[in-house]
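Whatever order the structure lists them in is the order used to number ligands and atoms, beginning at 1.
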Amino acid sequence: MTLIQWYPGHIAKAERQLKEQLSRVDVVLEVLDARIPLASHHPQLLEWIGAKPRIVVFNRRDMIPEAVLKDWLAWFKSQKIDAYPANSQSGQGVKAIAKAIQVAGVSVNERRKNRGMQPRPIRAVVIGFPNVGKSALINRLLGRKVVESARRAGVTRQLRWVRISETIELLDAPGVIPLKLDNQNDAIKLAICEDIGEAAYENQAVAIAFLDLLLALELSAFLTNRYQVTPETGMTGEDYLHRLAEERYQQDLERAARQLLNDFRKGLMGAIPLELPLP
Ligand SMILES: Nc1nc2c(ncn2[C@@H]2O[C@H](COP(=O)(O)OP(=O)(O)OP(=O)(O)O)[C@@H](O)[C@H]2O)c(=O)[nH]1
Ligand SMILES: [Mg+2]
């Protein structure tokens, strides 16, 4: 598989500015993609935020089965990480996140009070990979659309402060990714979920990797249901893509690959997790 590398200029700049702004921030919201919570965790995040409180937003909860969601929440608990499941498209779970920001920020105003200063709004930043739903979350926290949010990676280009209420200010930031995607298994998952830009990869290679993953996870029933083309035993992802192209897309491999990825990303194949917590 060709190496996936993607680091557009606006992300380099955003990362620099994000680090500058961090000193002004009280609380960090880390938005993860529930389909790939491990691969969508930025490896440098903890180093950047130091001792600041972190709230993990387990976003896209609607895109994985309830049972898997439960397992992940138990896993986060065992790691002593505060994780809040959310669907930032519908708004489900968003109230609890607002509350958590409030609670995490209480100490800020206690300290100010002790020094004889007026209270000020809690400042939180939303950090995560591209396209995980950071801007959607901000819009839901505010209850109306203030920042652009759309179905492709790299929508937010600049840092922007948004006042959510009398007591909370949020910083929307472009998605950040490591300079080098050292772990190519993770990079492929990010590409499958469209959490990195389209320029980074080839559709057919990513579709094949996706099919291999489904076959390995014994999730091939999703394919049969969607395309009425059943993977035969021993078939590889590549075999299946060819079969699908033959049976449904006039042998057009690229079209089959695009359709497959698109169906998964839109949730049309069903709720499919690409990572499971280790027991
Ligand atoms: N199904 C589902 N879709 C979501 C959820 N959260 C966000 N989305 C959708 O995902 C797409 C990307 O959302 P954005 O808010 O633009 O993501 P972002 O993290 O701000 O992306 P960048 O600005 O590109 O880094 C949008 O089409 C949202 O409607 C969710 O919980 N479930
Ligand atoms: Mg955004």
Side-chain angles (χ1 to χ4, degrees), residues 6-18 21 28-37 39-42 45 55-66 68-69 72-73 83-98 124-162 164 170-178 181 189-201 222 261-275:
W6 188 63
Y7 200 72
H10 84 269
I11 290 192
K13 190 169 160 208
E15 186 179 315
R16 231 172 20 246
Q17 293 175 337
L18 193 57
Q21 289 288 323
V28 173
L29 296 185
E30 181 190 14
V31 182
L32 298 180
D33 184 331
R35 296 167 297 179
I36 47 167
S40 62
H41 166 68
H42 195 297
L45 184 94
I55 295 168
V56 168
V57 177
F58 196 72
N59 198 41
R60 297 185 180 277
R61 61 166 291 171
D62 54 305
M63 301 190 88
I64 61 169
E66 281 293 322
V68 176
L69 174 68
W72 272 118
L73 294 178
Y84 292 80
N87 174 348
S88 295
Q89 201 167 54
S90 73
Q92 185 188 13
V94 167
K95 266 205 188 114
I97 294 166
V125 63
V126 184
I127 302 186
F129 271 71
N131 211 30
V132 293
K134 302 177 296 300
S135 299
L137 174 66
I138 291 182
N139 289 337
R140 278 295 171 184
L141 280 164
L142 187 66
R144 67 186 160 83
K145 188 169 175 180
V146 261
V147 288
E148 207 195 330
S149 159
R151 230 204 89 206
R152 79 202 122 79
V155 170
T156 304
R157 293 277 167 155
Q158 274 162 353
L159 275 73
R160 178 157 163 218
W161 281 101
V162 175
I164 295 296
L170 273 189
L171 180 60
D172 188 19
V176 283
I177 54 174
L181 295 168
K189 289 181 193 159
L190 291 164
I192 294 170
C193 295
E194 211 177 10
D195 293 345
I196 52 177
E198 216 181 7
Y201 54 83
F222 286 104
L261 291 174
N262 213 28
D263 286 352
F264 169 70
R265 291 163 178 172
K266 283 187 169 163
L268 297 177
M269 291 172 73
I272 306 179
L274 298 185
E275 286 177 344

Query raised in the report: For Gly154 and ligand 1, does the shortest N/O to N/O distance drop below 3.5 Å?
Result: yes
Requested in this report: Indicate whether the side chain of Ser135 and that of Asp172 have a donor and an acceptor atom separated by less than 3.5 Å.
Outcome: yes
Query raised in the report: Backbone or side chain, does any N or O of Ser88 fall under 3.5 Å from an N or O of ligand 1?
Result: yes
Query raised in the report: Would a distance-only check, ignoring hydrogens and angles, find a side-chain to backbone donor-acceptor pair under 3.5 Å from Ser40 to Asp33?
Result: yes
**Report entry** Arg140 side chain to Val94 backbone, donor-acceptor under 3.5 Å
**Finding:** no
Report summary line: Ranked by distance from atom 12 (C) of ligand 1, the top protein heavy atom is Asn131 OD1, 3.0 Å
Report task. Would you give the length of the straight line joining atom OH of Tyr201 to atom CD of Glu194, rounded to the nearest 0.5 angstrom? Result -> 5.0 Å
Query raised in the report: Any idea which protein heavy atom is nearest atom 30 (C) of ligand 1, and the distance to it?
Result: Asn87 OD1, 3.3 Å
Requested in this report: May I ask you to check if ligand 1 and Arg61 share an N or O to N or O distance below 3.5 Å?
Outcome: no
Report summary line: Nearest non-hydrogen protein atom to atom 19 (O) of ligand 1, with distance, is Lys134 NZ, 2.6 Å
Query raised in the report: In terms of residue, atom name and distance, what is the protein heavy atom nearest to atom 4 (C) of ligand 1?
Result: Arg60 NH1, 3.7 Å
Report task. Name the closest protein heavy atom to atom 32 (N) of ligand 1, giving the residue it belongs to and the distance to 0.1 Å. Result -> Asp62 OD1, 2.8 Å
Query raised in the report: Going by an N to O cut-off under 4.0 Å, is there a salt bridge joining Glu275 and Lys189?
Result: yes
Query raised in the report: Which ligand 1 atoms are under 4.0 Å away from a heavy-atom of Ser135?
Result: 15 (O), 18 (P), 20 (O)
Requested in this report: Any chance you could measure Arg60, atom CZ, to Asn87, atom CG, to the nearest 0.5 Å?
Outcome: 9.0 Å
Requested in this report: Give the residue, atom name and distance (to 0.1 Å) of the protein heavy atom nearest atom 29 (O) of ligand 1.
Outcome: Gln89 NE2, 3.0 Å
**Report entry** Per-atom contacts, ligand 1 versus Ala153 - under 4.0 Å to a heavy atom
**Finding:** 24 (O)
Report task. Within a distance under 4.0 Å of any heavy atom of Ala136, pick out the atoms of ligand 1 and give their elements. Result -> 7 (C), 15 (O)
**Report entry** Partner of Leu29 under side chain to side chain contact (heavy atoms under 4.5 Å, CB included), chosen from Leu170, Ile138, Val125
**Finding:** Leu170
Query raised in the report: Is there any N or O on Gly175 that sits under 3.5 Å from an N or O of ligand 1?
Result: yes
**Report entry** Taking atom 14 (P) of ligand 1 as the reference point, the nearest protein heavy atom with its distance
**Finding:** Ser149 OG, 3.4 Å
Counting only pairs under 3.5 Å, give me each side-chain donor-acceptor contact of residues 7-14, with atom names and distances, residues two or more places apart or in other chains.
residue	atom	partner	partner atom	Å
Tyr7	OH	Glu15	OE1	3.1
His10	ND1	Arg157	NH1	3.2

Query raised in the report: In the protein, which heavy atom is nearest to atom 17 (O) of ligand 1, and how far is it?
Result: Gly133 N, 3.2 Å
Query raised in the report: Within the structure, does Asp172 bring an N/O atom to less than 3.5 angstrom of an N/O atom in ligand 1?
Result: no
Query raised in the report: For Pro130 and ligand 1, does the shortest N/O to N/O distance drop below 3.5 Å?
Result: no
Query raised in the report: Polar-atom distance check: Ala173 versus ligand 1, any N or O pair below 3.5 Å?
Result: no
Requested in this report: Go through Ser88 and Asn59 one step at a time and tell me if the side-chain hydrogen bond (donor to acceptor under 3.5 Å, both in side chains) criterion holds.
Outcome: CA-CA 7 Å; Ser88 295; Asn59 198 41; 2.9 Å; yes
Query raised in the report: Are any of the heavy atoms in Arg152 under 4.0 Å away from ligand 1?
Result: yes
Report summary line: Counting heavy atoms under 4.0 Å, the part of Leu137 that contacts ligand 1 is neither
Report summary line: Counting only protein N, O or S atoms and ignoring waters, those under 2.8 Å from the Mg ion (ligand 2) are Ser135 OG, Thr156 OG1
Query raised in the report: Any side-chain donor paired with an acceptor under 3.5 Å for Asn139 and Ser149?
Result: no
Query raised in the report: Can you list the ligand 1 atoms lying under 4.0 Å from a non-hydrogen atom of Arg151?
Result: 27 (O)
Query - Distance in Å, Leu142 CG paired with Lys145 NZ, rounded so as to fall on 0.5 Å steps - result: 13.0 Å
Query raised in the report: Which part of Ala150 is near ligand 1, with near meaning a heavy atom under 4.0 Å away: side chain, backbone, both or neither?
Result: backbone
